[in-house]
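Please read the structure below before turning to the comments.
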Amino acid sequence: MNNQTSSLSKLVLLCSILAFIPSAFAQVKAPEMLAETWVMTPKAGAGAELEKALKKHTAHRNKLEDPRDWQVFSQVLGNDLGSILVRSSGFTWADMDSYEAWSRDKNPQKHFNEYVDPAVSNYGHYLFTMDIANSHWPEGTEYNFVGVTTYVVKAGHYAAMKKDLKLMSDAAKSPDWPYNWLWYESVSDGDLSLAVPFNNYADMAPAEQTFREFLTKTMESKEKADELIGSWMSHFESTQYMVYRHRKDLMN
């Protein structure tokens with residue numbers, strides 16, 4: 001009888017452990033993915049010089065087998081026309097340390113200081129966390145422009161904003177909404193940004209079906225769609241829209 005009781009107790013304990021394991025694994029979060037952007041403003045009259053030097057430096061980094069995939073952009077709509085953005089994404093906080101180690105070993109900065117820096121008047125350096133779960137940017141997405149809307153979130157609205165963002169993003173993942181997008185947040189000030197890729201200027205024209213109309217159809221209620229969009233817009237102090245050209249010609 002004691003052996004049977006002991007065996008039953010062991011079985012109950014084993015079942016309890018097995019039942020707990022999925023819950024334990026569910027608590028393990030995927031590592032936070034980052035994007036890093038350098039903004040370079042050329043000296044007066046040195047725009048062409050900067051582009052030429054940057055292309056030369058990109059070739060140098062390729063020879064060094066830079067572990068990061070850097071993409072180059074120039075602003076064509078906004079308040080910093082002529083600026084050059086160099087951006088890499090899809091790495092973790094730990095990868096920041098390994099990349100610094102690579103940079104110390106290969107010292108690409110020496111080449112940059114010699115060829116690129118003389119054409120630059122000032123720099124900006126930014127880190128962003130990427131909201132992959134609420135984005136739709138398939139690997140291999142081709143584009144020539146990126147439209148970026150930046151939202152300044154009101155104090156105390158962050159949690160509610162994230163809730164509405166998920167509701168809208170979940171709806172937009174329907175096959176009936178044929179666009180790609182990426183959400184990301186600034187590490188330094190918490191501003192939210194939405195990036196949308198375009199092939200050309202014609203793609204930037206208003207869609208035949210607005211997102212409000214699409215949301216109305218998806219939610220099967222104009223009132224619910226209007227309420228969600230109204231709630232979404234109430235979370236921000238201001239918004240700003242900019243367009244960047246993907247400078248593939250400077251990346252080879």
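The aromatic rings of His57 and His111 sit parallel to each other, their planes meeting at less than 30°, with 60° as the upper class boundary. Note: Trp137 and Tyr143 have perpendicular aromatic rings, judged against thresholds of 30 and 60 degrees for the angle between ring planes. Note: Tyr151 and Phe236 have tilted aromatic rings, judged against thresholds of 30 and 60 degrees for the angle between ring planes.
Counting only heavy atoms from C-beta outward, the side chains of Arg212 and Asp226 approach each other to under 4.5 Å. Looking only at side-chain heavy atoms (C-beta outward), Lys217 and Phe214 stay at 4.5 Å or farther from each other. Counting heavy atoms from C-beta outward, Leu64 and Trp102 have side chains that approach closer than 4.5 Å. A heavy-atom distance below 4.5 Å is not found between the side chains of His246 and Val146. Between Gln240 and Thr149 the shortest side-chain heavy-atom distance does not fall below 4.5 Å. In this structure, the side chains of Gln71 and Tyr244 stay at 4.5 Å or more apart for every pair of heavy atoms. When side chains are defined from C-beta on, Met168 counts as touching Phe211, because their heavy atoms get closer than 4.5 Å. With a 4.5 Å cut-off on side-chain heavy atoms, Phe73 and Phe145 do not count as touching.
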(request) Walk me through it: do Tyr123 and Asp117 pass the test side chain to side chain contact (heavy atoms under 4.5 Å, CB included)? (result) CA-CA 10 Å; Tyr123 298 89; Asp117 184 66; 2.5 Å; yes
(request) Start with the C-alpha gap between Trp93 and Leu34, add the side-chain angles, then the distance that decides, and say whether side chain to side chain contact (heavy atoms under 4.5 Å, CB included) holds. (result) CA-CA 7 Å; Trp93 286 102; Leu34 305 176; 3.6 Å; yes
(request) Check the pair Leu50, Val116 against side chain to side chain contact (heavy atoms under 4.5 Å, CB included), reporting the backbone distance first and the verdict last. (result) CA-CA 6 Å; Leu50 173 58; Val116 182; 3.6 Å; yes
(message) Apply side chain to side chain contact (heavy atoms under 4.5 Å, CB included) to residues Lys162 and Glu185 and explain how you reach the verdict.
(response) CA-CA 11 Å; Lys162 291 292 287 186; Glu185 298 175 34; 3.2 Å; yes
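Closest of all the heavy-atom pairs between Thr92 and Pro31 is CG2-CB, 3.8 Å. The shortest non-hydrogen separation linking His157 to Ser234 is CE1-O, 3.4 Å. Taking all atoms of both residues into account, the shortest heavy-atom contact from Asn113 to Pro118 is O-CD, 3.5 Å. Annotation for Leu215 and Ala225: closest pair C-CB, 3.9 Å, computed over non-hydrogen atoms. The minimum heavy-atom distance between Trp183 and Ser169, with the atom names listed, is NE1-OG, 3.0 Å. Nearest heavy-atom pair across Leu127 and Glu36 is CD2-CB, 3.7 Å.
Not one N or O on the side chain of Ser238 forms a donor-acceptor pair closer than 3.5 Å with the backbone of Val152. Ser231 places no side-chain N or O within 3.5 Å of a backbone atom of Leu228 that could act as its donor or acceptor partner. Not a single donor-acceptor pair under 3.5 Å links the side chain of Ser174 to the backbone N or O of Ala171. Glu213 places a side-chain N or O within 3.5 Å of a backbone atom of Thr210 that can act as its donor or acceptor partner. One N or O on the side chain of Asp203 and one on the backbone of Asn199 form a donor-acceptor pair closer than 3.5 Å.
In this structure, Arg68 forms a cation-pi arrangement with Tyr99, its terminal cationic atom sitting closer than 6.0 Å to the ring centre and no more than 45° off the ring axis. With a 6.0 Å cutoff to the six-membered ring centre and a 45° limit on the axis angle, Arg61 does not count as a cation-pi contact of Phe112.
Counted by atom type alone, Tyr201 and Asn144 present zero donor-acceptor pairs between their side chains at under 3.5 Å. Between the side chains of Thr150 and Ser193, a donor-acceptor pair is found at a separation under 3.5 Å.
Two different hydrophobic clusters hold Met251 and Leu85 under the rule that ILVMFWY side chains link at heavy-atom gaps under 4.5 Å. Residue Leu165 is grouped with residue Tyr179 when hydrophobic side chains (ILVMFWY) are merged at heavy-atom distances under 4.5 angstrom, including chains of intermediate members.
Crowding of Glu227 atom CD: a count of heavy atoms from other residues, nucleotides or ligands under 6.0 Å not exceeding 12. The neighbour count for Lys173 NZ, taken as heavy atoms of other residues, nucleotides or ligands under 6.0 Å away, is above 12. Within 6.0 Å of NZ in Lys52 there are 12 or fewer heavy atoms belonging to other residues, nucleotides or ligands.
The existence of a salt bridge linking Lys248 and Glu142 is confirmed by a sub-4.0 Å separation between a basic side-chain nitrogen and an acidic carboxylate oxygen. Salt bridge status for Asp249 with Lys55: absent, with no side-chain N to carboxylate O gap under 4.0 Å. Using a 4.0 Å cut-off between charged nitrogen and carboxylate oxygen, Glu51 and Lys56 do not count as a salt-bridge pair.
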